[in-house]
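Notes to accompany the following structure.
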Amino acid sequence: MSSPRRIEHSTRFGRETVTPHERDRRMRRIFHHLAPHYDRLCDVMTLGLHRRWRRTYLGRISLEKNQSLLDIAGGCGETGSAFAGPGRYVVVLDSSLPMLKIGQTRRATGIDWVAGLSCALPFPDASMDVVTVSFGLRNVTCVGATLAEVLRVLKPGGQFHCLEVSNPSGVVRPLHHAFSRYVAPWLGMRITREPEAYDYFVESVLGFPGPREIRDLLVRVGFSGVRYKRLSLGIACIHSATRP
Ligand SMILES: C[S@@+](CC[C@H](N)C(=O)[O-])C[C@H]1O[C@@H](n2cnc3c(N)ncnc32)[C@H](O)[C@@H]1O
C-alpha cells in the first residue's frame with residue numbers, strides 16, 4: 001500500500017518532482033494547450049468508454065429543485081451541464097481559463113463558471129448539496145486538501161461523487177498498462193503534438209492510487225457512507241460519500 005503522503009499531496013509531474021506551485025502552473029499550461037482538442041482526446045484515450053462511464057456516473061447523482069451542485073475541475077462543463085436547469089444552482093470550478101471559456105461558449109445558460117483551485121474553494125461552509133469531480137482528482141496537486149475543502153463546502157447530508165480512471169487488477173492489468181504507456185500517448189500526440197502532456201498522462205494514470213486507497217482517504221478526511229464501484233473491469237471507478 002502506498003503512503004498517505006503520496007495520495008494526499010502530489011509533487012510528481014510526469015517523471016519529475018516539482019514544487020506544488022510549479023505543478024499547478026504546469027497543469028494550467030497543459031490544459032491551455034489541450035483545451036481545443038479535449039473532447040476528441042477523451043474519446044481517443046478511453047476508446048470512447050468515457051461516454052459509458054459518464055452515463056453510469058450521472059445516473060448516481062441526484063439534484064432536486066432548489067439544490068446546488070459544485071463540479072470541481074469541471075473543465076468545459078461535461079458534468080455541470082447535465083444538471084443545469086431552472087431552480088438549480090450549478091457552478092463549474094476549474095483552474096484552466098481556456099477549458100472554462102470553451103464550456104462557456106458551448107453551454108452558456110444555467111451555469112456559473114469560476115476560475116480557481118480545488119484546494120481553496122471560494123464558497124462558504126455548508127453551501128452545496130452536491131459536489132462532483134470527474135477525471136479531475138488525478139490532476140489536482142493536493143488531493144487531501146481538496147477533499148477537506150469538499151467536506152467543508154458540503155451541507156450536512158450532502159453528497160460527493162467522483163469519477164476517475166483507475167488501475168485494473170488481474171488479466172486486464174498488463175493490457176491496460178501497455179495501452180496507457182504506449183498506445184494512448186502515441187494517439188494523443190498525433191492529435192495535439194504536446195509531448196509534455198503525454199509524459200504526464202502516463203504517470204498520472206499508472207501512478208494514481210487504487211480505489212481502496214481513495215476510499216481510505218475519504219474516510220480519514222471525515223466522510224461517511226464511503227462506497228465505490230469499479231467500471232469496465234476496474235479501468236475506471238466511481239467513489240461516492242456523504243458529509244455526516
Ligand atoms: C481531465 S480534465 C476533466 C474535465 C471534466 N471534469 C471532465 O469530466 O471531462 C481535468 C481538469 O482538471 C483541471 N484542474 C487540474 N488541477 C486543478 C486544480 N488544482 N483545481 C481546479 N481544477 C484543476 C484542469 O484544468 C482540467 O480542466
Side-chain angles (χ1 to χ4, degrees), residues 8-13 18-46 48-58 61 69-83 90-104 106-107 111 113-123 130-150 153 160-166 180 184 188 191-192 194 196-198 200-205 208 231 236-238:
E8 288 171 25
H9 190 92
S10 172
T11 47
R12 297 289 298 163
F13 191 89
V18 295
T19 63
H21 179 75
E22 175 61 12
R23 192 179 183 282
D24 283 334
R25 198 185 66 79
R26 291 192 191 190
M27 193 62 62
R28 282 197 297 277
R29 191 168 70 196
I30 281 190
F31 282 97
H32 181 89
H33 292 297
L34 296 193
H37 313 283
Y38 184 68
D39 291 344
R40 206 161 144 227
L41 281 170
C42 281
D43 280 332
V44 168
M45 309 290 267
T46 67
L49 282 170
H50 76 105
R51 293 172 185 273
R52 184 190 296 188
W53 300 336
R54 286 185 199 275
R55 275 197 298 277
T56 308
Y57 174 63
L58 295 176
I61 303 168
L69 179 143
L70 164 65
D71 188 39
I72 295 176
C76 312
E78 286 74 9
T79 300
S81 58
F83 295 97
V90 174
V91 53
V92 170
L93 174 135
D94 201 281
S95 58
S96 163
L97 285 179
M99 291 291 278
L100 290 170
K101 277 191 181 137
I102 289 175
Q104 258 176 325
R106 279 193 208 150
R107 307 171 170 116
I111 298 180
W113 304 88
V114 175
L117 283 171
S118 59
C119 58
L121 297 174
F123 306 103
V130 178
V131 176
T132 53
V133 53
S134 52
F135 306 120
L137 204 60
R138 183 180 95 244
N139 294 303
V140 307
T141 299
C142 304
V143 179
T146 295
L147 295 177
E149 278 291 86
V150 171
V153 302
F160 172 60
H161 301 278
C162 169
L163 168 64
E164 191 50 272
V165 293
S166 191
S180 303
I191 298 176
T192 67
E194 281 298 321
E196 185 189 37
Y198 295 99
Y200 163 73
F201 171 83
V202 172
E203 300 307 320
S204 76
V205 170
F208 195 64
L231 306 172
C237 188
I238 297 172

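For reference, positions follow the sequence shown, starting with 1. Note that ligands are numbered from 1 as they come in the structure, with each ligand's atoms numbered from 1 the same way.
Only the side chain of F31 comes within contact range of ligand 1, with a heavy atom under 4.0 Å; no backbone atom does. By the criterion of a heavy-atom distance under 4.0 Å, neither the backbone nor the side chain of R28 is placed next to ligand 1.
In this structure the side chain of I61 reaches within 4.5 angstrom of the side chain of L69, judged on heavy atoms.
E164 places a side-chain N or O within 3.5 Å of a backbone atom of G136 that can act as its donor or acceptor partner.
If you check which protein heavy atom lies closest to atom 13 (C) of ligand 1, you get D94 OD2, 3.3 Å. Nearest protein heavy-atom contact of atom 1 (C) of ligand 1 is F135 O, 3.1 Å. Nearest non-hydrogen protein atom to atom 23 (C) of ligand 1 is S95 OG, 3.1 Å. Of all protein heavy atoms, the one closest to atom 2 (S) of ligand 1 is Y38 OH, 3.4 Å. The nearest heavy-atom contact from the protein to atom 12 (O) of ligand 1 is A73 CB, 3.2 Å.
The two residues D94 and M99 come nearest to each other via the heavy atoms OD1-CB, 4.3 Å.
Counting non-hydrogen atoms of neighbouring residues, nucleotides and ligands closer than 6.0 angstrom, the CZ atom of R40 reaches no more than 12 such neighbours. Applying the 6.0 Å contact sphere to NE2 of H32 captures no more than 12 heavy atoms from other residues, nucleotides or ligands.
Under the 3.5 Å distance criterion, with hydrogens and angles disregarded, no donor-acceptor pair is assigned to the side chains of T79 and T132.
The distance from ligand 1 to the heavy atoms of M99 drops below 4.0 Å at these ligand atoms: 27 (O). Proximity to L117 (heavy-atom distance under 4.0 Å) selects the following atoms of ligand 1: 18 (C), 19 (N), 20 (N). Of all the atoms in ligand 1, the ones that sit under 4.0 Å from a non-hydrogen atom of M27 are 15 (C), 16 (N). Taking a cut-off of under 4.0 Å to the non-hydrogen atoms of S134, the atoms of ligand 1 that pass are 3 (C), 5 (C), 6 (N), 7 (C), 8 (O). Near G74, with a cut-off below 4.0 Å to any heavy atom, the atoms of ligand 1 are 5 (C), 6 (N). Near N139, meaning under 4.0 Å from any of its heavy atoms, are these atoms of ligand 1: 1 (C), 10 (C), 15 (C), 16 (N).
Rounding to the nearest 0.5 Å places CG of D71 at 5.0 Å from OG of S134. The line from CD of E78 to CZ of R51 is 10.0 Å long, rounded to the nearest 0.5 Å. Distance SG/C237 to CG/L137: 11.0 Å, rounded to 0.5 Å.
At under 3.5 Å, a nitrogen or oxygen of R54, whether backbone or side chain, sits near a nitrogen or oxygen of ligand 1.
Counting heavy atoms only, S118 comes closest to atom 18 (C) of ligand 1 of the residues S118, P98, A120, A115. Of the candidates G116, S96, C119, C42, it is G116 that places a heavy atom closest to atom 21 (C) of ligand 1.
Taking the six-membered ring where the residue is Trp, Y57 and H161 present perpendicular rings, their angle passing 60° and hence far from 30°.
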